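Structure first, then comments.
Remember, it's a predicted structure, so these values are computed and weren't measured experimentally. Proteins come first, then strands; the chains are lettered A, B, ... in the order of their sequence lines, and each starts at number 1.
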There are 2 protein chains.
Amino acid sequence: MPRKSVSAPAGDAPLRQGLLPGLLGYRLRLAQQAIFRDFADSIPDLSPGRVGVLVLIESNPGVTQSRLARAVGIDRSTLVGLLHELEARNLVQRRRGTDRRTNGLWLTAKGAALLARTLPLIARHEERVAAGLSASERSRLLALLGRLLG
Amino acid sequence: MPRKSVSAPAGDAPLRQGLLPGLLGYRLRLAQQAIFRDFADSIPDLSPGRVGVLVLIESNPGVTQSRLARAVGIDRSTLVGLLHELEARNLVQRRRGTDRRTNGLWLTAKGAALLARTLPLIARHEERVAAGLSASERSRLLALLGRLLG
DNA sequence: TATTGTTATACTCTATAACTATA
DNA sequence: TATAGTTATAGAGTATAACAATA
């Protein structure tokens, strides 16, 4: 009878995880990696961050860059390059605001169309992500996530 | 009485979030950003990814690089640079395996000591992250996260 | 032939500091 | 003085492709 190994399990056994499975940050990171991969594999042309920006512009036409940056949790300088790209792809338009330091942001017709085409793909992606959960488990997870680090 | 605006809310109102709050990936990303910031602010010298690597080596002494890379969900080429750094800091040691293509990985005394010193900081970080949740809500969240994307 | 570790390279996402134009 | 947008720059973290050593 083989004695119990003190070091690494054999090549096909899973690794011992130590305390990692009990850490929220670790579980969150693994889940997010898997979700991002599924997103990238199933949604062409737009990253998760870009979808967030387009959705917020659609829901808040004329929003300024600084407010949008705060809403998505990135620095305003980081948003500049992202908007350059979205404007170069003719998905978003910047218009000088009445406070002439600001730019208001609007979706172009092409941007709105791309977003509309993408939403069903996101819905299917979301179904795959939550495939193992019941509807009530899924809402419970959403609610719990919203209460982290108050 | 002010009529309801059709475009962006005023400068201090929160943005309308559209469908974003209902997307698991979006909520996960926001939660993880906040958690990473708290981690970086409260745990010196080690990033979340490095802690994961050190914990897995501690729990699986002699593990090979390829198996460790699979366990933490990164490419084995990505792990090489991380291990170069940890070895240069004298936290980890590589030893040629009996299968001479492989390196077995061990914590050095210094690596084990750093990890031991860091664990209480991680525990306090974890308490802050879950401060808004009861113990049973926290375990429920961990369990639900483990069931995403099969 | 297949696998392990490695290198070279590049890409994405992010922030900080300093600039300009406006307020 | 303060804020909005911008630029230059840098730093994480990551992957792909190709290679030598070994199985």
Side-chain angles (χ1 to χ4, degrees), chain A residues 8 10-12 25-26 28-30 32-37 39-41 43 45-53 57 62-88 92-105, chain B residues 8 10-12 25-26 28-30 32-37 39-41 43 45-53 57 62-88 92-105:
Chain A
D12 48 353
Y26 187 76
L28 231 36
R29 184 162 67 100
L30 288 186
Q32 212 203 5
Q33 279 178 342
I35 290 175
F36 269 47
R37 275 171 192 146
F39 192 105
D41 290 347
I43 288 143
D45 307 325
L46 289 176
S47 65
R50 273 155 251 266
V51 169
V53 163
I57 295 175
V63 66
T64 64
Q65 297 186 191
S66 285
R67 294 193 68 219
L68 178 58
R70 276 192 295 275
V72 295
I74 62 177
D75 192 86
R76 68 192 203 276
S77 69
T78 303
L79 184 60
V80 171
L82 214 171
L83 289 175
H84 282 349
E85 181 213 307
L86 294 177
E87 207 170 31
V92 165
Q93 194 189 16
R94 286 165 162 119
R95 295 187 211 151
R96 174 61 80 70
T98 47
D99 176 342
R100 298 193 6 259
R101 294 171 301 184
T102 67
N103 291 330
L105 302 172
Chain B
D12 47 354
Y26 187 76
L28 230 36
R29 184 162 67 100
L30 288 186
Q32 211 204 4
Q33 278 178 343
I35 291 175
F36 268 48
R37 275 170 191 146
F39 191 104
D41 289 348
I43 287 143
D45 307 325
L46 289 176
S47 65
R50 274 156 251 264
V51 168
V53 163
I57 294 175
V63 66
T64 65
Q65 298 187 191
S66 285
R67 294 192 67 218
L68 178 57
R70 274 192 297 274
V72 297
I74 62 177
D75 193 86
R76 67 192 203 276
S77 69
T78 303
L79 184 61
V80 171
L82 216 171
L83 288 175
H84 282 349
E85 181 214 306
L86 294 178
E87 206 169 32
V92 165
Q93 194 188 18
R94 287 167 161 115
R95 294 187 211 150
R96 174 60 80 70
T98 48
D99 175 342
R100 289 176 34 244
R101 293 171 302 183
T102 66
N103 291 330
L105 302 171

Q.
Could you tell me how far apart A:Arg29 (CZ) and C:dC13 (P) are, to the nearest whole angstrom?
A. 18 Å
Q) Using a cut-off of 4.0 Å between protein heavy atoms and nucleotide atoms, how would you tag nucleotides 1-12 of chain D 5' to 3' with B, S and -? A) -BBBBBB-----
Q: Name all residues meeting the side-chain hydrogen bond (donor to acceptor under 3.5 Å, both in side chains) criterion together with A:Arg96; count only those two or more places apart in sequence or in a different chain, and write none if there are none.
A: none
(Q) Nearest whole Å is fine: how far is C:dT7 P from B:Leu82 CG? (A) 14 Å
Q.
On DNA chain C, does the nearest nucleotide to A:Arg100 precede the nearest nucleotide to A:Glu85 from the 5' side, or the other way round? Give the residue.
A. A:Glu85
Can you give each donor-acceptor pair under 3.5 Å made by side-chain atoms of residues 78-87 of chain B, sequence neighbours left out, with the distance rounded to 0.1 Å?
residue	atom	partner	partner atom	Å
B:His84	ND1	B:Arg94	NH1	3.0
B:His84	ND1	B:Arg94	NH2	3.3
B:Glu85	OE1	B:Arg50	NH1	2.1
B:Glu85	OE2	B:Arg50	NH1	3.3
B:Glu85	OE2	B:Arg89	NH1	2.9
B:Glu87	OE1	B:Arg94	NH1	2.8
B:Glu87	OE2	B:Arg94	N	2.9

Q) Can B:Arg67 and B:Gln65 be counted as having a side-chain donor-acceptor contact under 3.5 angstrom? A) no
Q.
So, using salt bridge (Lys or Arg N to Asp or Glu O under 4.0 Å) as the criterion, who are the partners of B:Arg101 when residues are at least two apart?
A. B:Asp99
Q | Value in whole Å for how far the P atom of C:dT12 lies from CD of A:Gln33 | A | 18 Å
Q: Provide the closest heavy-atom pair for A:Phe39 versus A:Val51 in the form atom of the first, atom of the second, distance.
A: CZ-CG2, 3.7 Å
Q) To the nearest angstrom, how far is B:Arg37 atom CZ from C:dT16 atom C1'? A) 13 Å
**Q.** Spacing between B:Leu30 atom CG and C:dC13 atom P, to the nearest angstrom
**A.** 15 Å
Q: Would you sort out whether A:Ile57 and A:Leu68 count as a side chain to side chain contact (heavy atoms under 4.5 Å, CB included), showing the intermediate values?
A: CA-CA 8 Å; A:Ile57 295 175; A:Leu68 178 58; 3.9 Å; yes
**Q.** Spacing between B:Leu79 atom CG and C:dT6 atom P, to the nearest angstrom
**A.** 9 Å
Q) Once you round it to whole Å, what is the distance between P of D:dG13 and CZ of A:Phe36? A) 16 Å
